[in-house]
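To keep things clear, I will list the structure first and then write my remarks on it.
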Amino acid sequence: MTSRSSEAFAEWDDDRYSTGIERFDEQHKRLFGLLNDLHTAMDEGHSEERVGDILRELERYTEYHFGDEEEFMQDCGYAMDCADCFFDHREMHEQFEQKVRELRERHENGEYVTMDVLVFARDWLDSHIAAADEDQRYGDYYDAEVDEDYEYSPGTLKRDRATDDPGAVDEPPETAGETEATGGIEDQPVTLGSEVEDGGSLAVPEASMATWFADLAETHGDRTAALVPAGDGYAERTFDDLYDRARSVAGGLLTTDLAPGDRLAVPLPSGYEWSVVDLACHLAGLVSVPLYPSATDERLRERAERADVDGLVADVDTPVAVQEVADTVVHVDDLPTADPRALPGLDADPDDPATVVFDVGTPTDRGCVLTGRNLRAAVAALDAELPLDPGATGTCFLPLAHVYQRVLAYHLWSSGGAVAYAPFEDATARLGEIDPDVLVGVPKLYQQLYGTLQDRIGDMGWMKRKLAGRATAYGRGILAGEGTPLKYRAAKRLVFGPLREAFGLADLEYALSGLERLDDHLIEFFRGIGVPLTELYGPVETAGVATLNRAASFQLGTVGTPVAGTELALSEDGTVLLDGPTVMDGCLDDRNAAHALRDGWYYTGTDGRLADGALSLE
């Protein structure tokens with residue numbers, strides 16, 4: 001499949017990319033074509049099913065193209081001309097396969113796939129097969145080294161090759177149970193390559209998450225804590241309602257074979273009952289293990305087994321094979337309840353494990369152990385950085401299995417605010433009903449909202465369309481500190497204000513985006529129409545909280561500066577290092593040793609740059 005036009009995202013150029021072997025060129029063109037198809041589907045807002053189909057096809061093809069030397073060479077019709085490339089560049093191939101796999105997994109988990117990642121894939125293809133690289137001239141090699149009567153014989157390409165690659169040896173068996181996050185390398189020194197950026201002091205209460213919520217219920221009792229979809233509207237649940245429900249479920253769970261310290265898997269879609277189970281775990285002293293219900297049956301089972309869960313909360317869609325992992329299974333539609341004689345979580349040590357969360361965007365699918373102190377520190381940092389008055393309302397459209405959405409819900413409650421639940425697919429439709437003060441989003445949500453707003457703009461009269469068409473330019477000027485022209489006042493009054501009002505964006509104090517960086521054009525557009533975008537960066541290992549790119553001082557191309565309580569630096573090789581009370585206590589197994597606590601720092605494995613205190617991710 002060749003590129004369709006001169007405007008293709010990844011443009012094929014014979015002079016630059018051709019190997020001189022037609023059948024081999026066709027294989028490379030296929031990769032370019034799939035990347036173009038994916039870019040078009042995302043850029044034009046095609047259905048999620050279409051995007052998913054292309055991602056799965058791209059993953060299948062890269063596994064075939066890079067993963068099985070024998071099969072690919074047989075189909076290509078040549079072997080010796082590119083066999084050495086497979087061997088010498090296997091790490092580059094694995095990197096590309098890994099990136100494609102991440103794209104597919106993020107999409108399946110409801111995360112937005114940024115254009116930045118597609119740019120990486122395009123640039124990788126460009127650097128890997130461009131004819132300017134002498135090492136890649138397969139045609140020349142073929143002409144000079146391969147006899148005319150050569151015939152490919154499967155099974156001969158890798159024979160007698162030695163390697164000093166440690167990855168080529170048999171992998172050690174997985175370690176059962178919980179080990180230190182460090183894999184034994186916590187004492188390895190880290191040489192800093194930058195100054196340490198300090199987000200400032202942070203007071204973290206010496207008490208458990210259960211105590212935190214019990215205190216909130218006593219303080220805010222009859223305030224609204226949750227808005228639950230009910231028909232075409234919402235039903236309110238107060239802090240008293242939520243606490244009483246969580247307390248009775250905690251008592252019910254403790255009447256089963258579960259005991260404080262046991263791990264309870266929660267493979268449920270996000271919603272009010274998810275939060276009830278989560279808070280019940282805190283109160284009962286159980287360790288929650290949130291799992292993404294959208295994952296494959298095999299992946300769900302594998303994560304539950306790795307976490308060594310004792311119990312599981314199921315719904316009608318939970319696969320039987322996953323339920324069989326746990327000794328105790330309860331159903332969310334019939335949760336056990338009882339008046340507890342005691343709530344062990346109230347007396348829990350804040351350094352005890354509180355939850356096990358999985359970072360599904362990583363190749364190792366890291367399972368991280370977060371303590372009550374980690375979660376309380378994340379909430380305290382958000383309280384300090386994003387102050388809210390009691391009575392504020394925030395959204396919960398994203399998977400609560402991801403700690404980012406979860407700690408933002410905690411932050412809303414900590415402020416005496418309410419969490420409004422809705423499925424992700426209903427987000428844009430529900431925003432007008434919720435009229436939130438805090439929008440908790442990811443790039444995918446803003447991309448969808450952008451498309452919906454553009455559709456509405458397209459239905460306006462020509463004068464309003466013309467004013468709206470300058471939104472991105474206005475936003476660019478605001479971010480650059482250049483101000484706006486006089487026409488901007490008319491655009492705000494006639495177009496942008498009514499648009500925000502119609503879509504529930506008029507009262508926003510914070511429009512948050514996390515997990516991935518927003519594309520610049522989205523940032524500029526939303527800033528242009530008056531939406532106060534703020535980006536939050538933090539890996540799962542730091543409870544999702546590390547840096548903040550604040551609306552009032554937004555810096556394009558960065559993820560902002562450290563939040564209160566967090567220290568940030570770069571290692572000598574440019575890796576991002578984080579330290580503070582949000583940093584995880586441990587991991588599930590040794591596979592995560594590369595992302596470890598080293599010399600007092602959390603070694604993220606992500607490359608970055610620092611300029612004027614702000615972090616940019618590579």
Might you confirm whether atom CD of E425 has over 12 heavy atoms from other residues, nucleotides or ligands at distances under 6.0 Å? yes

Would you please test V576 and L570 for side-chain contact (heavy atoms from CB on, under 4.5 Å) and show each step? CA-CA 5 Å; V576 177; L570 300 179; 4.1 Å; yes

Do the side chains of [Y] and [X] get nearer than 4.5 Å, heavy atoms only?
X    : Y    : value
Y603 : L578 : no
T604 : L577 : no
V289 : F358 : yes
T328 : D310 : no

Check: residues 213-221 side-chain donor-acceptor pairs under 3.5 Å, at least two apart:
from	atom 1	to	atom 2	distance (Å)
T219	OG1	D215	O	2.9

Partners meeting side-chain contact (heavy atoms from CB on, under 4.5 Å) with [X] (sequence neighbours left out):
X    : answer
L412 : L388, V419, V438
T534 : L512, L548, A551
D317 : D315
T255 : A338

Just verifying a value: how many Å separate [X] [atom1] and [Y] [atom2], rounded to the nearest 0.5 Å?
X    : Y    : atom1 : atom2 : value
R263 : D308 : CZ    : CG    : 6.5 Å
E385 : L382 : CD    : CG    : 8.0 Å
T547 : L536 : OG1   : CG    : 7.0 Å
L431 : T395 : CG    : OG1   : 7.0 Å

Under 3.5 Å donor-acceptor pairs involving side-chain atoms of residues 267-278, not counting sequence neighbours:
from	atom 1	to	atom 2	distance (Å)
S270	OG	L398	O	3.0
S270	OG	L400	N	2.6
E273	OE1	R245	NH2	2.8
S275	OG	Y421	OH	2.7
D278	OD1	R406	NH2	2.9
D278	OD1	Y410	OH	3.4
D278	OD2	Y410	OH	2.5

Is it true that [Y] and [X] share a donor-acceptor pair across their side chains at a distance under 3.5 Å?
X    : Y    : answer
T224 : E236 : yes
T238 : D240 : no
R550 : T561 : yes

side-chain contact (heavy atoms from CB on, under 4.5 Å), that's the test. Do V313 and H331 meet it? Break it down for me. CA-CA 5 Å; V313 182; H331 287 266; over 6 Å; no

Could you walk me through whether R373 and E206 satisfy the salt bridge (Lys or Arg N to Asp or Glu O under 4.0 Å) test, starting with their C-alpha distance in whole Å, then the side-chain angles of each, then the deciding distance to 0.1 Å, before giving a yes or no? CA-CA 8 Å; R373 187 185 304 278; E206 286 288 335; 2.8 Å; yes

Which side-chain N or O atoms in residues 195-203 pair as donor and acceptor under 3.5 Å with protein atoms at least two apart or in another chain?
from	atom 1	to	atom 2	distance (Å)
D198	OD1	G200	N	2.8

Which residue pairs pass the salt bridge (charged side-chain N to carboxylate O under 4.0 Å, His left out) test with at least one member in residues 321-337, sequence neighbours excluded? none

Exercise answer: donor-acceptor pairs, residues 607-615 side-chain atoms, under 3.5 Å, sequence neighbours excluded:
from	atom 1	to	atom 2	distance (Å)
R609	NE	E618	OE2	2.5

Heavy-atom donor-acceptor pair, N374 side chain to P581 backbone, under 3.5 Å: yes

Between S288 (side chain only) and L264 (backbone N and O only), is there a donor and an acceptor less than 3.5 Å apart? no

Could you pull out all donor-acceptor pairs under 3.5 Å where a side-chain atom in residues 340-350 meets a protein atom, sequence neighbours excluded?
from	atom 1	to	atom 2	distance (Å)
D349	OD1	D351	N	2.8

Residues passing the side-chain hydrogen bond (donor to acceptor under 3.5 Å, both in side chains) test with S414, sequence neighbours excluded, are D383

Any residue meeting salt bridge (charged side-chain N to carboxylate O under 4.0 Å, His left out) with R247, in chain and number order, not counting sequence neighbours: D339

